[in-house]
Amino acid sequence: MIQLKSPREIETMAAGGRILAATHQHVKPAIQPGVSTWDLDMLVESFIRSHAGATPSFKGLYGFPGSACISINEEIVHGIPSKKRILKDGDIVTVDIGVHYGGFHTDSAWTYAVGTIAPETQRLMDVTEASLFAGIREARVGNHIGDIGAAVEEVVVRAGFTVVRDLVGHGVGANMHEDPQVPNHGKPKRGPKLQAGMTLAIEPMVNAMGAATKTLSDKWTIVTLDGAMSAHFEHTVAITADGPRILTTLA
Ligand code: MG
Ligand code: MG
């Protein structure tokens with residue numbers, strides 16, 4: 001069932017989303033060669049908890065051990081922070097963060113370059129980010145879930161990359177994962193109709209080569225089957241009568 005949020009509840013989510021956006025800003029300068037994903041997770045957790053009433057959504061969610069999911073290169077999502085995972089020059093790293101505040105979750109992931117990355121890797125990141133904003137533009141009253149996925153997929157396919165189909169975006173609110181699912185592919189005018197008060201985590205995951213995935217033996221980390229790079233950009237977005245409103249932003 002899709003849980004619509006009141007304007008007041010959306011304001012509460014926007015307050016949590018500002019903390020989340022500030023957390024990304026806080027961790028970004030630390031993303032350097034030689035830093036472990038454990039170090040980044042500590043920064044995320046301490047910064048979120050420094051805001052009264054805010055906690056990291058992912059800590060303990062379904063048993064996940066970290067405060068952030070931190071995924072390097074061919075890892076698509078759900079990388080477990082580890083002292084043994086050291087960033088090196090040329091890597092890309094996705095930091096996926098959830099914040100619980102005032103009874104609501106928000107969810108936002110960003111892929112960052114570590115040092116100097118290959119031009120083709122930069123293009124993968126740029127296209128994935130552009131596909132996120134193409135999807136957000138379609139998150140408006142009267143459209144359908146399929147309009148979001150179709151817009152994301154069009155940007156990705158035109159660039160010669162592939163959308164991950166095994167993983168999807170989602171409704172977000174009192175629970176981190178709510179209805180509806182928000183696939184990163186689809187057909188316009190298909191799927192649930194979008195209404196004011198829906199809050200969605202829109203999150204294209206884009207692979208440099210094939211779409212196929214596999215889960216590692218740690219039972220969490222999902223990687224590209226072919227070992228090629230993957231990027232992931234995510235915002236929590238409210239659908240309002242005035243159009244899409246990004247909640248996980250400092251603005
Ligand atoms: Mg996320
Ligand atoms: Mg999400």
Side-chain angles (χ1 to χ4, degrees), residues 2-3 5 13-14 16-28 31 37 40-41 43-45 47-48 54-72 75-81 92-101 104-112 125 128-129 131-133 135-136 139 145 148-149 152 163-186 198-207 213 215 220-223 230-239 244 246-249:
I2 295 172
Q3 300 279 352
K5 282 76 177 181
M13 290 182 69
R18 272 192 292 277
I19 295 169
L20 205 173
T23 307
H24 273 291
Q25 292 301 310
H26 181 71
V27 76
K28 184 178 178 181
I31 296 173
T37 58
L40 298 180
D41 193 59
L43 281 176
V44 166
E45 176 159 11
F47 187 80
I48 292 172
T55 54
S57 299
F58 296 160
K59 191 97 180 188
L61 183 68
Y62 314 122
F64 188 76
S67 288
C69 298
I70 307 182
S71 310
I72 302 173
E75 298 172 354
I76 304 167
V77 289
H78 304 164
I80 300 172
I92 56 173
V93 61
T94 299
V95 182
D96 190 354
I97 305 173
V99 166
H100 186 253
Y101 178 81
F104 291 90
H105 297 279
T106 48
D107 189 7
S108 177
W110 222 251
T111 299
Y112 299 98
M125 288 174 55
T128 308
E129 184 175 351
S131 77
L132 167 62
F133 286 99
I136 290 172
I145 285 289
I148 297 174
V152 168
V163 157
V164 174
R165 289 166 175 256
D166 301 345
L167 298 154
V168 295
H170 50 93
V172 55
N175 297 295
M176 172 51 77
H177 297 115
E178 299 183 348
D179 289 335
Q181 292 195 346
V182 185
N184 295 302
H185 61 93
M198 289 173 71
T199 47
L200 305 175
I202 300 175
E203 51 177 315
M205 291 151 272
V206 176
N207 295 348
T213 71
T215 305
W220 278 106
T221 314
I222 299 177
V223 301
S230 186
H232 180 198
F233 288 79
E234 174 182 37
H235 270 309
T236 297
V237 177
I239 296 168
I246 298 173
L247 300 178
T248 40
T249 179

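One-based numbering, in listed order, for ligands and for the atoms of each. We use all heavy atoms of the structure for the numbers below, so side chains are in, but hydrogens, waters and symmetry mates are not.
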Q: Apply side-chain contact (heavy atoms from CB on, under 4.5 Å) to T213 and list each qualifying residue two or more places apart in sequence or on a separate chain.
A: I76, V164, D166, I222
Q: Applying ring pair (Phe, Tyr, Trp, His ring centres under 6.0 Å), name anything that partners H26, two or more places apart in sequence or on another chain.
A: F47
Q. Which word best sums up how the rings of Y62 and H177 line up, parallel for under 30°, tilted for 30 to 60°, or perpendicular for over 60°?
A. parallel
(Q) Taking 2.8 Å as the limit, list every protein N, O or S atom around the Mg ion (ligand 2), by chain and residue number. (A) D107 OD2, H170 NE2, E203 OE2, E234 OE2
Q: Go through the steps for H235 and W110 under the test side-chain contact (heavy atoms from CB on, under 4.5 Å), then give the verdict.
A: CA-CA 9 Å; H235 270 309; W110 222 251; 3.7 Å; yes
**Q.** Audit row: I202, L132, side-chain contact (heavy atoms from CB on, under 4.5 Å) steps and yes/no
**A.** CA-CA 7 Å; I202 300 175; L132 167 62; 3.8 Å; yes
Q) Among all residues two or more places apart in sequence or in another chain, which pass the side chain to side chain donor-acceptor pair (under 3.5 Å) test with T94? A) T111
